[in-house]
Participant: 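Please see the structure below; I have some questions.
Just follow the structure's listing: the first ligand is 1, and inside any ligand the first atom is 1.
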Amino acid sequence: MVIRENISLKGYNTFGIEARARYFIEITSVDMLRQALQLVGYPPIFVLSGGSNILLTDNLDALVLHLNIKGISVLWEDAGQVVIRAMAGENWHGLVQWALDKGYGGLENLSLIPGNTGTAPIQNIGAYGVELKDVFESCLAMDVADGKLVAFTKEDCAFGYRDSFFKNEGKGRFIITSVNLKLTKGKHQLHTDYGAIQAAIEAMGCQAPGVREVSEAVIAIRKSKLPDPKELGNSGSFFKNPVISREAYEQLKSRFPEAPVYQVSEEQYKVPAGWLIEQCGFKGKRFGAAGIHKDQALVLVNYGQASGREILDLARAIQRKVASTFHIEIEPEVNIIGSDF
Ligand code: EPU
């Protein structure tokens, strides 16, 4: 096991923020992870995966464990379904492509989401009408306290909108090492209700779409709206879409009848944070090296040399303006990592 010192994390976070790790280990196996957890005389650990959902606001006085455990296998299958296991360090989109190449369905709407498989359950990644929980079977996670592997069922994970057990009670206690997903082999259930998907499939001139075409449609939509982190540093949606009460919804609608709000339960309504931010005049604006994307106001971008603090200051200014204009609090979706992480 190689323990490196004073390592730049710029290439390890999709925001492209310069921050340094005091110690850094590339973890390539479950055994190696267990050994790293037993090291003594080092600062606290910080688990770094694909780096696509973090904002580094300072150097990390930490023992950074970069999870790079690879492997995809079939655990079980019958004529109609298959359960696959993907190790935590598998790139998520690579896994989606692997499934499509095998003709497996279920992941196509989640095409092109940045990040690695091991972090997908933490925030229950979702896009275009599908969430990870819809295909999730179980996962294995290492207990940080004793290095034992613990199996988690879907119920154990307590999935919610961009939320799970691992973001709440399980935070800092478990490191997900592998994820099992249940996919379809023959009769795929396509999710094409999201208007933009139908339009993209029609634009492709496709009469009878399959999982591959849905994936291509999702890729086309994402590419048209979301910046590629390789070209412009970003972490996808910076904020979650706020869920408001019926009372707050009625107040919002009376002041802004055009607000694109949708009902999620009898008493709860979701408001696109991108709309709130756009109404406040932020879309496409640039403040130094930090900015708000021109096609999707929910995405904050780094024009090259922004510090994590600059991005965070911009995020706070947006939160304040949205709160004073709409009386709605918006919360970051991205994990803000400070010196005390
Ligand atoms: N909108 C605006 N202005 C904007 C952006 C959005 O007015 O700048 C409004 C429009 O009315 C639009 C609506 O918001 O119809 C919804 O926009 P979009 O379909 O782009 O979805 P979103 O709610 O902004 C969420 C996820 C995305 C996911 C898309 C598609 C969250 C926080 N974000 O965005 O996830 O790709 O739906 O399902 O839930 C991510 O998590 O990183 C991410 C990109």
Participant: Between atom CG of Leu63 and atom CD1 of Ile3, what is the distance when rounded to the nearest 0.5 Å?
Facilitator: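 It comes to 6.5 Å.
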Participant: Report the nearest protein non-hydrogen atom to atom 17 (O) of ligand 1: residue, atom name, distance rounded to 0.1 Å.
Facilitator: Lys225 NZ, 4.2 Å
Participant: Suppose I only count heavy atoms of Tyr128 and a 4.0 Å limit; which atoms of ligand 1 are within that range?
Facilitator: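 Those qualifying, in numeric order: 30 (C), 38 (O).
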Participant: Which residue and atom name correspond to the protein heavy atom nearest atom 35 (O) of ligand 1, and how close is it?
Facilitator: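 That would be Arg162 NH2, 2.9 Å.
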Participant: For atom 36 (O) of ligand 1, what's the nearest protein heavy-atom neighbour? Residue, atom name and distance, please.
Facilitator: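 Protein heavy atom with the smallest distance to atom 36 (O) of ligand 1: Arg222 NH1, 3.5 Å.
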Participant: Can an N or O of Ala297 be found at a distance shorter than 3.5 Å from an N or O of ligand 1?
Facilitator: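 Yes, at least one N or O pair falls under 3.5 Å.
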Participant: Nearest heavy atom to atom 28 (C) of ligand 1 wins, so pick from Ala196, Gly129, Ala127.
Facilitator: Ala127
Participant: Under a 4.0 angstrom heavy-atom cut-off, which atoms of ligand 1 come close to Glu333?
Facilitator: 40 (C), 41 (O), 42 (O)
Participant: Can you find a protein heavy atom closer to atom 19 (O) of ligand 1 than 4.0 Å?
Facilitator: yes
Participant: Measure from atom 40 (C) of ligand 1 to the protein's non-hydrogen atoms and state whether any distance is below 4.0 Å.
Facilitator: yes
Participant: Of all the atoms in ligand 1, which lie at a distance below 4.0 Å from a heavy atom belonging to Lys283?
Facilitator: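 Answer, ordered by atom number: 3 (N), 4 (C), 8 (O).
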Participant: Pairs of nitrogen or oxygen atoms closer than 3.5 Å, one from Ser235 and one from ligand 1: do any exist?
Facilitator: no
Participant: Centroid-to-centroid, Tyr12 to His66, below 6.0 Å?
Facilitator: yes
Participant: Please tell me whether Phe174 and Phe152 form a close aromatic pair, meaning their ring centres lie under 6.0 Å apart.
Facilitator: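 Ring-ring flag for Phe174/Phe152: true, centres closer than 6.0 Å.
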Participant: Judging by distance only, is a nitrogen or oxygen of Glu278 under 3.5 angstrom from one on ligand 1?
Facilitator: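 By distance alone, the answer is yes.
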Participant: May I ask you to list the atoms of ligand 1 that are less than 4.0 angstrom from any heavy atom of Phe239?
Facilitator: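 Near Phe239, meaning under 4.0 Å from one of its heavy atoms, ligand 1 has 32 (C).
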Participant: Give, for atom CG of Asp134 and atom CG of Asn124, the distance between the pair rounded to the nearest 0.5 Å.
Facilitator: 7.5 Å
Participant: Would you say the side chains of Ser8 and Glu18 form a donor-acceptor pair under 3.5 Å?
Facilitator: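 Yes, side-chain donor-acceptor contact under 3.5 Å.
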Participant: Tell me which protein heavy atom sits closest to atom 34 (O) of ligand 1, plus the residue, atom name and distance to 0.1 Å.
Facilitator: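 Of every protein heavy atom, Leu298 CD2, 3.9 Å lies nearest to atom 34 (O) of ligand 1.
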Participant: What do you reckon, is CD of Gln263 surrounded by more than 12 foreign heavy atoms closer than 6.0 Å?
Facilitator: yes
Participant: For ligand 1, which atoms sit closer than 4.0 Å to a heavy atom of Gly236?
Facilitator: 42 (O)
Participant: Using 30° and 60° as the class boundaries, would you call the ring planes of Phe287 and Phe282 parallel, tilted or perpendicular?
Facilitator: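 Tilted.
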Participant: Taking atom types as modelled, is there a side-chain donor on Ser111 or Ser215 under 3.5 Å from an acceptor on the other?
Facilitator: yes
Participant: Considering only the protein, which heavy-atom contact is closest to atom 25 (C) of ligand 1, and what is its distance?
Facilitator: Asn241 ND2, 4.2 Å
Participant: Output all residues satisfying side chain to side chain donor-acceptor pair (under 3.5 Å) with Asp156, sequence neighbours left out; order by chain, then residue number.
Facilitator: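 Result, side chain to side chain donor-acceptor pair (under 3.5 Å) vs Asp156: Thr153.
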Participant: Can you see whether Arg20 engages Asn6 through a side-chain donor-acceptor pair at a distance of less than 3.5 angstrom?
Facilitator: yes
Participant: To which of Tyr262, Tyr194, Tyr161, Trp275 does the heavy atom nearest atom 29 (C) of ligand 1 belong?
Facilitator: Tyr194
Participant: So, Tyr262 versus Tyr269, ring centres under 6.0 angstrom or not?
Facilitator: no
Participant: For atom 5 (C) of ligand 1, what's the nearest protein heavy-atom neighbour? Residue, atom name and distance, please.
Facilitator: Gln296 OE1, 2.9 Å
Participant: If you measure only the distance, is there a donor-acceptor pair under 3.5 Å linking the side chains of Ser138 and Asn180?
Facilitator: yes
Participant: Looking at atom 42 (O) of ligand 1, what's its closest protein heavy atom, distance included?
Facilitator: Ser237 N, 2.8 Å
Participant: Measure the CG-CD distance between Asp163 and Gln123 for me, rounded to the nearest 0.5 Å.
Facilitator: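 These two atoms lie 10.0 Å from each other.
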Participant: With heavy atoms under 4.0 Å as the rule, classify the contact between Pro260 and ligand 1 as side chain, backbone, both or neither.
Facilitator: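 Answer for Pro260: side chain.
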Participant: Give me the residue, atom name and distance of the protein heavy atom closest to atom 16 (C) of ligand 1.
Facilitator: Pro272 CB, 4.3 Å
Participant: Consider every N or O of Lys240 and every N or O of ligand 1, then say whether any pair is closer than 3.5 Å.
Facilitator: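 In this structure, Lys240 places no N or O atom under 3.5 Å from an N or O of ligand 1.
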